[in-house]
Amino acid sequence: MRAPLPLDCAGPADADGGDRMRETRRGRREKAGTTIPQLPWETVRNPYRPLDILSPEQMDELHATSIRILKELGIKVMGANARALFAAAGARVDDDGVVRIDESIVEAALATVPKAFTLTPRNPDRRVHLGGDHLVFGLVAGPPNVHDALRGRRSGNLSDYRDFIRLAHYFNAIHLIGNQVTAPQELPANNRHLDTYLANLTLSDLSFHCTAIGRGRAMDGIRMMAIARGIGIEEIARDPGVITIISVNSPRLLDDAMGDGLIAMAEHGQPVTITPFTLMGAMTPVSLPAAMAQQNAEALFGVVLAQLVRPGAPVMYGAFTSNVDMRSGAPAFGTPENTKANVIAGQLARRYGLPYRTSNANASNAVDLQAAYETAMATWGAVMGGANLIYHAAGWLEGGLTASFEKLILDVEILQNMIEFLRPVKWDAEELGFDAIREVPAGGHFFGAAHTMARYERAFYQPMLSDWRGYENWQIAGAKDASARATDLWQQALKDYEEPRMDPAIREELEAYVARRKEEIGDDEP
């Protein structure tokens with residue numbers, strides 16, 4: 001195993017008090033019980049007004065086009081139970097399963113949707129709020145592969161899955177666990193969700209996205225979170241603890257498994273995020289306005305279904321619109337079009353009074369400059385669009401086909417930078433510093449000034465991945481680039497990790513639930 005990265009950042013060579021500064025920073029890390037500098041767990045809020053790309057007139061046209069799609073073209077619904085709910089609400093249901101709804105059904109549903117909600121995990125101190133100006137970052141979800149610089153690219157497996165959960169618990173910038181961070185492919189597909197839920201609940205104390213491919217997987221997530229919290233199924237319906245993503249199979253198809261998962265979650269008061277998978281040029285027309293109109297129609301359709309199941313069920317407006325590479329057909333992320341789509345989707349979510357989920361994905365095949373600039377571009381679009389949840393925010397690589405340990409470290413650094421950017425500027429007479437400016441003569445410096453010495457310990461954001469040493473000191477320390485330093489950091493984080501305490505009786509009940517459900521499921525679907 002590689003030696004951990006030397007994390008003390010050398011100050012200027014001639015700075016007064018430089019050694020004391022480094023010693024104090026070391027002390028801060030020791031008090032925190034970690035060798036890696038990171039921000040504390042905190043509620044992140046975006047104090048800035050979201051960006052509006054579209055004019056009010058353009059928004060009206062976009063909405064009207066979405067309603068035309070729902071009314072004239074409709075959405076094909078594979079599940080008979082979902083079709084029955086729409087029929088009972090007055091929708092037109094054709095023999096081929098296409099459901100058409102008019103604007104009155106959409107408006108009735110939007111009237112009952114909560115504008116915000118809270119997710120409570122087994123540790124109530126790790127609650128997350130979704131809505132308003134709150135911002136939550138989620139772990140990568142769904143890749144079939146995993147990668148790190150030491151062992152290379154490989155199929156997803158339970159051991160790596162567990163390490164990702166440990167890292168999600170360790171890094172405070174990650175607030176929510178995604179759905180199957182990497183799929184443990186050595187386990188049976190029909191019951192491996194039970195092993196991943198168990199890892200989520202025992203190796204962390206965060207809320208998580210449960211799998212909603214069918215009713216059974218959704219109900220297992222709900223019941224296991226209820227067990228972990230020591231409450232019943234009725235109580236968790238009033239105080240949700242898990243969330244899921246319902247993907248519309250664009251263009252305009254809701255399959256029966258997704259419909260059943262949505263219905264189960266909504267019935268039990270757990271939030272669903274309706275996220276069409278809309279790639280311009282493949283799943284939608286090539287133009288951004290058309291893609292947004294289709295995405296909006298598909299998202300509204302899912303919102304309506306959730307409210308038909310249970311009026312007042314929490315729902316998020318999900319966006320995942322990007323473009324394909326027109327030469328190869330491969331998905332592209334972190335593009336200017338993807339960034340615009342993130343912002344426009346935020347406008348739509350605010351129009352309807354819905355909490356907003358998007359992602360900061362990238363299409364790079366390696367943890368390199370492309371991965372960094374595409375992720376940063378998409379992150380800015382999500383934040384400027386007023387996102388409440390940025391899904392896949394830590395660890396996403398290769399267009400979602402790989403969960404990367406090094407990428408997780410890079411992403412946590414990006415997220416921490418964003419958290420600091422969103423922190424309001426402290427503003428008072430002392431911070432304006434007129435007396436400090438007067439104290440230092442023209443041509444002098446502020447390294448030893450009283451104003452500096454009183455603030456140096458917490459004056460600036462302290463990065464965990466960036467290396468600010470001069471070139472010579474960087475060479476002496478091994479001349480490691482950011483990717484190599486990220487390898488050191490995830491290894492060190494796993495060394496530092498401490499499993500959150502769980503009542504042994506609750507752990508035993510969870511393990512018994514998993515064993516019983518595996519036996520019940522057998523070779524069938526859950």
Side-chain angles (χ1 to χ4, degrees), residues 114 116-130 136 138-139 141 161-162 165 168-169 175-181 190-246 257 260-273 306 309-316 355 389 499-521 525-526:
F117 60 87
T118 298
L119 279 178
T120 303
R122 69 178 179 92
N123 178 1
D125 292 337
R126 297 291 181 100
R127 285 188 183 95
V128 293
H129 305 277
L130 294 155
V136 171
L139 188 61
Y161 183 98
R162 287 170 171 161
I165 302 306
H169 179 78
H175 307 125
L176 192 68
I177 294 172
N179 164 35
Q180 292 200 9
V181 179
N190 67 336
N191 66 31
R192 65 190 177 202
H193 66 281
L194 296 165
D195 296 283
T196 62
Y197 293 166
L198 185 63
N200 295 347
L201 290 166
T202 57
L203 300 178
S204 84
D205 55 9
L206 305 175
S207 285
F208 63 90
H209 271 72
C210 62
T211 305
I213 303 174
R215 185 178 186 86
R217 292 177 176 87
M219 292 306 304
D220 286 332
I222 297 168
R223 291 188 177 112
M224 289 180 70
M225 178 58 83
I227 292 170
R229 288 172 54 185
I231 60 177
I233 201 77
E234 298 81 11
E235 187 174 347
I236 200 172
R238 297 188 295 270
D239 183 13
V242 293
I243 188 171
T244 197
I245 287 176
I246 301 300
D260 289 345
L262 183 155
I263 290 169
M265 292 286 286
E267 281 178 351
H268 293 84
Q270 306 306 295
V272 295
T273 303
V309 174
R310 180 180 177 134
V315 184
M316 294 196 81
L389 169 61
E499 186 173 310
R501 184 186 177 280
M502 173 177 276
D503 186 314
I506 288 179
R507 180 185 291 269
E508 184 177 342
E509 187 176 356
L510 285 169
E511 291 172 346
Y513 180 92
V514 169
R516 183 175 70 254
R517 283 290 290 145
K518 286 184 176 181
E519 185 175 348
E520 291 171 354
I521 293 168
E525 280 296 297

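Start at 1 with the first residue, then count along the sequence.
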(message) Main chain of S204, side chain of R122: is a donor-acceptor contact present, judged purely on distance under 3.5 Å?
(response) yes
(request) Answer whether the closest heavy-atom distance between the side chains of M502 and D205 falls below 4.5 Å. (result) no
(request) Find the distance between CZ (R126) and NE2 (H175) and round it off to the nearest 0.5 Å. (result) 9.0 Å
(message) What's the separation between atom CE in M225 and atom SG in C210, rounded to the nearest 0.5 Å?
(response) 9.0 Å
(message) Does D195 form a salt bridge (Lys or Arg N to Asp or Glu O under 4.0 Å) with K518? I'd like the steps, not just the answer.
(response) CA-CA 10 Å; D195 296 283; K518 286 184 176 181; 2.9 Å; yes
(request) Write down the atom of T118, the atom of P240, and the distance for their closest heavy-atom approach. (result) O-CG, 3.5 Å
(message) Show the nearest heavy-atom pair for residues V242 and L119, with the distance to one decimal.
(response) O-CD2, 3.5 Å
(message) Could you measure the distance from the CG atom of L206 to the CD1 atom of I165? Nearest 0.5 Å is fine.
(response) 8.5 Å
(request) Would you mind reporting whether I245 and H209 have side-chain heavy atoms less than 4.5 Å apart? (result) yes
(request) Would you mind reporting whether R217 and T244 have side-chain heavy atoms less than 4.5 Å apart? (result) no
(request) Return yes if some donor-acceptor pair links the side-chain N/O of R127 with the main-chain N/O of T120 below 3.5 Å, else return no. (result) no
(message) Donor-acceptor check, side chain of Q270 to backbone of G241, threshold 3.5 angstrom: yes or no?
(response) yes
(request) Might you confirm whether atom CD of E499 has over 12 heavy atoms from other residues, nucleotides or ligands at distances under 6.0 Å? (result) yes
(message) side chain to side chain contact (heavy atoms under 4.5 Å, CB included), that's the test. Do R517 and N191 meet it? Break it down for me.
(response) CA-CA 8 Å; R517 283 290 290 145; N191 66 31; over 6 Å; no
(message) What's the separation between atom CD1 in I227 and atom CZ in R507, rounded to the nearest 0.5 Å?
(response) 13.5 Å
(request) Might you point out which heavy atoms bring Y197 and G221 nearest each other, and give the distance in Å? (result) CE1-N, 3.2 Å
(request) Identify the two heavy atoms, one from P114 and one from A313, that lie closest to each other, and give their separation to 0.1 Å. (result) CD-O, 3.5 Å
(message) Between E519 and R516, does any side-chain N to carboxylate O distance fall below 4.0 Å?
(response) no
(message) To the nearest 0.5 Å, what is the distance between NE2 on H268 and CZ on R223?
(response) 6.5 Å
(message) Is any side-chain heavy atom of M224 closer than 4.5 Å to one of L194?
(response) yes
(message) I'd like to check L130 versus P271 (side-chain heavy atoms, cut-off strictly below 4.5 Å). Are they in contact?
(response) no
(message) Working to the nearest 0.5 angstrom, can you tell me the gap between H169 NE2 and T202 OG1?
(response) 11.0 Å
(request) Considering non-hydrogen atoms only, spot the tightest contact between I246 and L262 and give its length. (result) CD1-N, 3.6 Å
(message) Taking the side chain as everything from C-beta on, heavy atoms only, tell me whether Y513 gets closer than 4.5 Å to D220.
(response) yes
(message) If you define the side chain from C-beta out and look only at heavy atoms, does anything of L201 sit under 4.5 Å from L510?
(response) yes
(request) Locate the shortest heavy-atom distance separating M265 from I243; write the atom from each residue and the value. (result) CE-C, 3.7 Å
(request) Indicate yes or no: at least one non-hydrogen side-chain atom of I521 is less than 4.5 angstrom from one of H193. (result) yes
